[in-house]
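Worksheet: the structure to be examined is printed underneath.
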Amino acid sequence: MAVKVEMSPVEIKNKKPYLEWGLTEKEYDFISEKLLERLPNYTETGLFSVMWSEHCSYKKSKPVLREFPNRNERVLQGPGEGAGIVDIGDNQAVVFKAESHNHPSAVEPYEGAATGVGGIIRDIFSMGARPIAMLDSLHFGEIDNAHTRYLINEVVAGIGGYGNCMGIPTVGGETTFDECYSGNPLVNAMCVGIMDQKDMQKGQAKGVGNAVMYVGAKTGRDGIHGATFASADFADDRETQRSAVQVGDPFMEKLLMEACLELTSQHKKWLVGIQDMGAAGIVSSSCEMASKAGSGMDLTLDNVPQRETEMSAYEIMLSESQERMLLCVRAGFEEKVKSLFKDYGLEAVVIGRVTDGNDYVLRHHGEIVTNIPVSSLTDDVLEEPSEERKPERITQAESLSNWIPEFTDAKEILRKLLVQPTIASKEIFTQTYDSQVRTNTVVGPGSDAAVLRIRRTNKALAMTSDGNGRFVYLDPFVGGQIAVLEAAANLIASGALPLAMTDCLNYGDPNDPEIYWELHQSVLGMSEACRVLNTPVISGNVSLYNENNGEAIYPTPMVGMVGLVKDINKHLTNIFKNSGAKVFLVGNTRADFAGSEIQKMLTGKISGMLNAIDTEFESKKLFKLLQAIEAGLVDSAHDLSEGGLAVGLVESTFSSDVGLDIELKTMKAQDLFSETPGRFVVSVTPEKVEKFVEIMEDDCMEIGETTAKQKVHLKCQNADFEIQVAEAQKIWEEAIPCLMK
Amino acid sequence: MKIAVVVFPGSNCDIDLFEALHTVCGAAVEYVSHKRDNLDGFDAVMLPGGFSYGDYLRCGAIARFSNIMPAIVEFAKQGKPVFGTCNGFQILTEAGLLPGALKQNDSLKFICKTVSLTVENNQTLFTTQYKKKETIALPIAHADGSYYADEETLAELEENHQVVFRYAGENPNGSLNNIAGITNKAGNVLGMMPHPERAVEAILGNLDGLRLFKSLLENGKVTTEEAVR
Amino acid sequence: MVNVRIFVTYKQSVFNPQGETITDAIHSLGFSAVKKVNVGKFFDLQIEPNDKSVEEIVSQVSEQLLVNFNLETYHYEVMEEA
Amino acid sequence: MVNVRIFVTYKQSVFNPQGETITDAIHSLGFSAVKKVNVGKFFDLQIEPNDKSVEEIVSQVSEQLLVNFNLETYHYEVMEEA
Ligand SMILES: Nc1ncnc2c1ncn2[C@@H]1O[C@H](COP(=O)(O)OP(=O)(O)O)[C@@H](O)[C@H]1O
Ligand SMILES: [Mg+2]
C-alpha cells in the first residue's frame, strides 16, 4: 500500500478535508484561532475531528443529557466512566451500561453486532467488574423481504457469536419490527457485571512518569472514521483490498478479559487506571484518561503494535481495531504487567508516559506529530445550541379524537395479535444465545425480566431492556415516561426492586428541530419517571442520525434497568404455577389505543395522542405490588404491554399446566386490547388473597381463576370465547419462524 | 477423590464444572492450566465446555496440542476417569480418545435449549445412579454437536454399549444414531454434548445432571476395573 | 455441465484471527518452515447453463449470496469437464 | 518461498448441511442452472523449506492439524512463485 502524502496545515486550511471528517468550518477556525493559535497539522486535525464528533463529545446531546438524574444513595459511579456502578450491599456492586452499534450493523450486520457486544463488555470489565450477563435491544423493519431477513439473521448471529464465545450469557432483550427501521436497524447491547467494591477502577492516567501501556489486539486500519462513516462509502469498495469494517475476535477478548480481571482484582498496586479503546481508539482512551487526572501525556506511536504496514500517525490514532485496552501502570511495575499478560498469550507494551501539565504529545518516526493541550480534545468542544420545534403531526393529532378499535370477533383479533411479530415468540432468536453459561441464570429469555442469582448470597439481580418507539413518536414526553415505567414494571413483576438504569438514545438527525424536540421531550419524560421511581441514569449512549432514505426512525430510547431481588426464593416468572389460584388485574384500564399493536394491525399505521401519566400514582402502585411479592403473597406476575390484557393472560398460560376462567364484568371487548401502561396480571393462591388485597387496596381487581383445563375462557360485557392453550401457543411460537423462511 | 478441571484458553464452562463438583457435590476440585504437563495427584479429569482457541480451525482441534494433553492421554490409558462436555467432548474426539467427530449442527446455528435424553448405559462410572432407559432432560448449548462416525465405528459403538446418552424425541443437531454421549471402549472416558453441570441445582430448575457427578464420586472410590460392568 | 470453483477470501486489510491462531499452532507443532497461513473457503458449483452464461451466473450468485463484499473478495476458475 | 494451497473437503459419504442450504438459497434466488454446490475450505501456506521437503511439511501439517480424517479429506497444489 502506497504511503499517502499528507496535506500540509496550509493545504488543510484551504482544501478543508475536515468537512468530510465531520468537523465544521466554525469548529476548525475556533481550533486554529482560539485553541492552538496556529494551524493544526494533518494528524491533529484528524484527532479533533473524531474527538469533537457527536459520538465522542456529545456536543449535541449534552444539554439534554443534563436533565437525567444520576445520583442517589446507592450510586457509586455515575456517568463519566466506562460504566455506572451501584451498591447492592455486602460490599458488592453491580455495573452496567448499554451501547448502540446501529450504523456498523446496517453496513455489516454480523460484525457490527458482534463488535457492539465486544465493546460493551470491555466497558464493564474495564471498571474491574466480571461481566455476568448481556441483553440486546433490536429493532428491524417488517419481516417481508429478503434483506430484512438477512439483517435479522446476521445481527442475531453476531450477538450470539460474540457472547457465546466469551461465555457471557445473553439473558434478555427485546426485538420489535416496524417499517421505519428497515434501512436502519437498531442494535443496542447492554452488559451487566458484578464486582467487589474494593476492586473499582477508573479510566485515569495520573502520576508523572507512570507508564501508558497498550494491551490486546494489534492495530490495523479498521474502523477509521467509524464514527462518521456512511454506507455509501462501501458501495464502490468491491474490487479493492481495503475494508474499514471492524472484525471482532471474541477469543482474544476472552483472554483480555481474564487477564484484566486478574490485574484489577489481584494486583491493584500495579495499576493506576484502565480504559477500553472504543470509538476513536487510542486517541479517545488516552486523552480521556489524561483529562480525568489532569495530566499530560507523551506517546510514541512506533511502539503501538501494528498488523498492517506503513500506518500513518493519523491511522494509528484513529483506528477502531477491536479488543484493545489502555492501562496506566505505576512506574516500575511494567515488567510485572507484561508478564501477567504474557501468561494469557497477550502482549502488553509501554507506548508512553504520563507527564506534568496539559500537553498531549505524539511522536512518530522520530518526529513530534502532535502537540496540543489535552483539554482541547476533551473539554473545549463547542456546544452548539440546537433549535427545537414541536412537529406538525403532533399539533394536528392534539385536535383530533383518538381512534377506537371496532370489531365483532374478539377471538379472531386475539389470534391475529398473537402472530404479530412484535408479540410472537422470539425463541427462534434467543435459543441461538447461550443464556445459561456460568450457571447463574435463574430466569432467562422469555419472562418479563431475566433473573441471575449472585453466588454465595441469597440475592439475585433482575434485568431488562425496553423501548417503544411508537409511543415516543406519538408523544415523546409520555412515551419517555412509559419507557422507564415499563422497564421498572418488568423488574417488579420479577420480584426485584429497581435500582438504576442505563439508556441508548436512538434518534434521527438532531439538526432537524423537530427531531431535537423529540429528543429533548422524551429525555424530560424519562427523567421525570426516573426521579419518581428513584432509578437514576448511571450510564448510557447516544446514537443520532438514524435515518432511512431521508426518513428518521421513530425516536427510540432504549431503557436498560437492573433491579435487586432481596430473596431469591421470592423471585417470580410470568407463568401461572397452579390451578385454583385467583387471577387479579393490577392497575386501571383506559382506552389506550394510540400506538398500540391492535391499532397498527387493524389500520396499518399508528396515530393519536397518548393519555397523560401520573407517575407518582403509578410508582405507588408498583411498590405496593413489590411489597406483596416480597411478602410471598404472589404466585406469578406478568406486566402487560403489547397486545394488552388478553395477550398477557394467554401468554401466562404457555408451557404451564393450567388454563383460565376469566370474567371481566366492567370491560368491553375492545378493552381487552388496550395498552394502558403500568398494569399486571398476577395469580394468588386463595388463602393469600385477603392479605394481597389488603396491600393492593383498590389497585387490583379479581378477574377469575386458573383452572386445570388446558384452555382460556374469556368473558366480558360483549364477548365470550374460549381458546385452547396449545393452539394459542402453537401459532405464537410458529409465527416468526414462518416469516423467516 | 480429587478432580482436575482443565482450563484451556477460551474455556468458559470451567467455573460451571467447578461449582457443580465443589459447591454442590462437595468434591475436591482444582483448576489445572493447559500449560501443565502432568496430572499427578488427581483421580479424575474433566474437560469443560467453551471455545478453546476460539474454535478456530475446528472445535477442539488446537486444544489437542496443548501441553496438558499427553498427560490426559496417559491418564485415560491408565483407565482413570476422563470426562468432557461440549467443547470437552470435541477435544476428546480430536485427540483420538473417543471415536468419531462432531460437525456443524444441521440447522447451521448455535442452539441453546433443554433436550430429552435416554440413558442407554447405566453401567459406566458416570451413570450408575441413573436407571437404564430412563429419560432425563439436560441443556445443550453448541453450534457443532452433530456426532459423526463411519458405519463401522457406529456399529462397534452400539455393540460395545458405548453409546451412553441418546437424544429422545427431537434430534437437535443431526447426530447419527441420535448420539449425545459416548464412552471409549474401556468405559473410562465419557464425552457428551449436553451440559450436566448446568442441571445440578433446584434454583436453576433442573437436577437431572447431578447424578452423573454423584455416580463418578461414588464409583471413584472403587477401582475402575470393578466399576466398568 | 460446467464445474466452477469459486474462491472466497478475506480482503487483505481485514483482520483474520483464524490465520494467526493456526499459524501459531503449526509453529508449536515444530513446523517453523511455515511462515504464514491464510484461510479461505471455496464453493464448487455444477452449472447447466441455460439462458445465462456461466460467467453471469457465477458473478451474480457470488455477489448476491456467496461473498460478503464488506470483508471478502473472490475469484473463480472453470474446472475440467465433470 | 513456496506457496501451497491445501484444499479440505468433507468426504463424500459425510453429509454437509452447508452445501444443501446454499443450493436451496441459490435456487430461491432464481438460479435453477446451478445443480449442485459443494463447500470446502482452503489454507494457503507460505513455506520456506528447511530440512524437510515441501511435501513432507504439507502432508504432516495436514494430517496432524488441518484435516480431521473422520470427516474430511484433502489435496494440495503448489502455486506459482510468490
Ligand atoms: N444517554 C446517556 N445517558 C446517560 N449517560 C450517558 C448517555 N450517553 C452517554 N452517557 C455517558 O457519557 C459517558 C461517555 O459515553 P460513551 O462515549 O458512550 O462511552 P464509551 O467511551 O465507553 O463508548 C459514559 O459515562 C456514558 O455513560
Ligand atoms: Mg413485560
Side-chain angles (χ1 to χ4, degrees), chain C residues 1-10 12 16 18-68 72 74-77 79 82, chain D residues 1-10 12 16 18-68 72 74-77 79 82:
Chain C
M1 193 73 87
V2 187
N3 286 334
V4 176
R5 176 165 287 181
I6 305 174
F7 296 86
V8 181
T9 47
Y10 275 126
Q12 261 161 31
N16 180 359
Q18 271 222 56
E20 285 197 17
T21 308
I22 295 172
T23 314
D24 289 349
I26 291 178
H27 289 169
S28 75
L29 286 176
F31 297 95
S32 56
V34 178
K35 299 300 170 198
K36 201 176 165 196
V37 181
N38 270 322
V39 189
K41 53 192 171 181
F42 65 88
F43 301 90
D44 285 341
L45 271 56
Q46 281 182 17
I47 304 178
E48 210 163 78
N50 37 21
D51 44 337
K52 285 183 182 154
S53 72
V54 168
E55 286 90 69
E56 279 177 314
I57 293 173
V58 168
S59 66
Q60 289 176 14
V61 166
S62 298
E63 282 169 32
Q64 292 177 35
L65 186 71
L66 300 181
V67 186
N68 177 350
E72 297 171 333
Y74 79 104
H75 73 273
Y76 71 93
E77 285 170 14
M79 318 283 280
Chain D
M1 192 74 89
V2 187
N3 286 334
V4 177
R5 177 165 287 181
I6 306 174
F7 295 87
V8 180
T9 48
Y10 274 155
Q12 256 168 23
N16 182 350
Q18 269 198 13
E20 285 204 3
T21 308
I22 294 172
T23 314
D24 290 350
I26 291 178
H27 289 168
S28 75
L29 287 175
F31 297 95
S32 56
V34 178
K35 298 301 170 198
K36 199 174 167 199
V37 181
N38 270 322
V39 189
K41 52 191 172 182
F42 63 87
F43 302 90
D44 285 342
L45 271 55
Q46 281 183 16
I47 303 179
E48 213 164 76
N50 37 21
D51 44 335
K52 286 183 183 158
S53 71
V54 169
E55 286 89 67
E56 279 176 314
I57 293 172
V58 169
S59 65
Q60 289 176 15
V61 167
S62 299
E63 282 165 34
Q64 292 177 33
L65 183 70
L66 299 180
V67 186
N68 180 335
E72 298 169 331
Y74 79 105
H75 72 274
Y76 72 94
E77 284 170 17
M79 319 281 281

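In what follows, chains are A, B, ... by sequence order, proteins preceding strands, each numbered from 1.
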What part of [X] gets closer than 4.5 Å to chain C, counting heavy atoms only: side chain, backbone, both or neither?
X     : answer
D:I22 : both
D:T9  : side chain
D:F31 : side chain
D:V54 : neither

For each of [options], tally heavy-atom pairs with chain C at distances under 4.5 Å, and name the one with the top tally.
options                    : answer
D:Q64, D:K36, D:K52, D:Q60 : D:K36
D:I6, D:D51, D:N50, D:V58  : D:N50
D:T23, D:V34, D:L66, D:I57 : D:V34

Next item on the list: Measure distances from C:L45 to the heavy atoms of chain D and classify the residue's part below 4.5 Å as side chain, backbone, both or neither.
Entry: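 Both parts, backbone and side chain.
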Checklist line | Residues forming a side chain to side chain donor-acceptor pair (under 3.5 Å) with C:E55, sequence neighbours excluded | finding: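 For C:E55 there are no side chain to side chain donor-acceptor pair (under 3.5 Å) partners, ignoring immediate neighbours.
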Notebook entry, point to check: Based on non-hydrogen pairs under 4.5 Å, which of C:I47, C:L29, C:N38, C:L65 is most in contact with chain D?
Noted result: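 Winner by heavy-atom pair count: C:N38.
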When you compare the side chain of [Y] with that of [X], does any pair of heavy atoms fall below 4.5 Å?
X     : Y     : result
C:N3  : C:D44 : no
D:V67 : D:E63 : no
D:F43 : D:V8  : yes

Next item on the list: Hey, could you give me the CD/CE distance between D:E77 and D:M79, rounded to the nearest 0.5 Å?
Entry: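 The CE atom of D:M79 is 7.0 Å from CD of D:E77, to the nearest 0.5 Å.
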Notebook entry, point to check: Does C:N68 have any side chain to side chain contact (heavy atoms under 4.5 Å, CB included) partners at least two apart in sequence or in another chain, and if so, which?
Noted result: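 Here the qualifying residues are A:E108, C:N70, C:L71, C:E72.
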Note to self: Check for me whether D:R5 meets the cation-pi criterion with C:F42, that is, NZ or CZ under 6.0 Å from the six-membered ring centre and within 45 degrees of the ring axis.
What the structure shows: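 Judged by the rule (NZ or CZ under 6.0 Å from the ring centre, within 45° of its axis), D:R5 is not positioned above C:F42.
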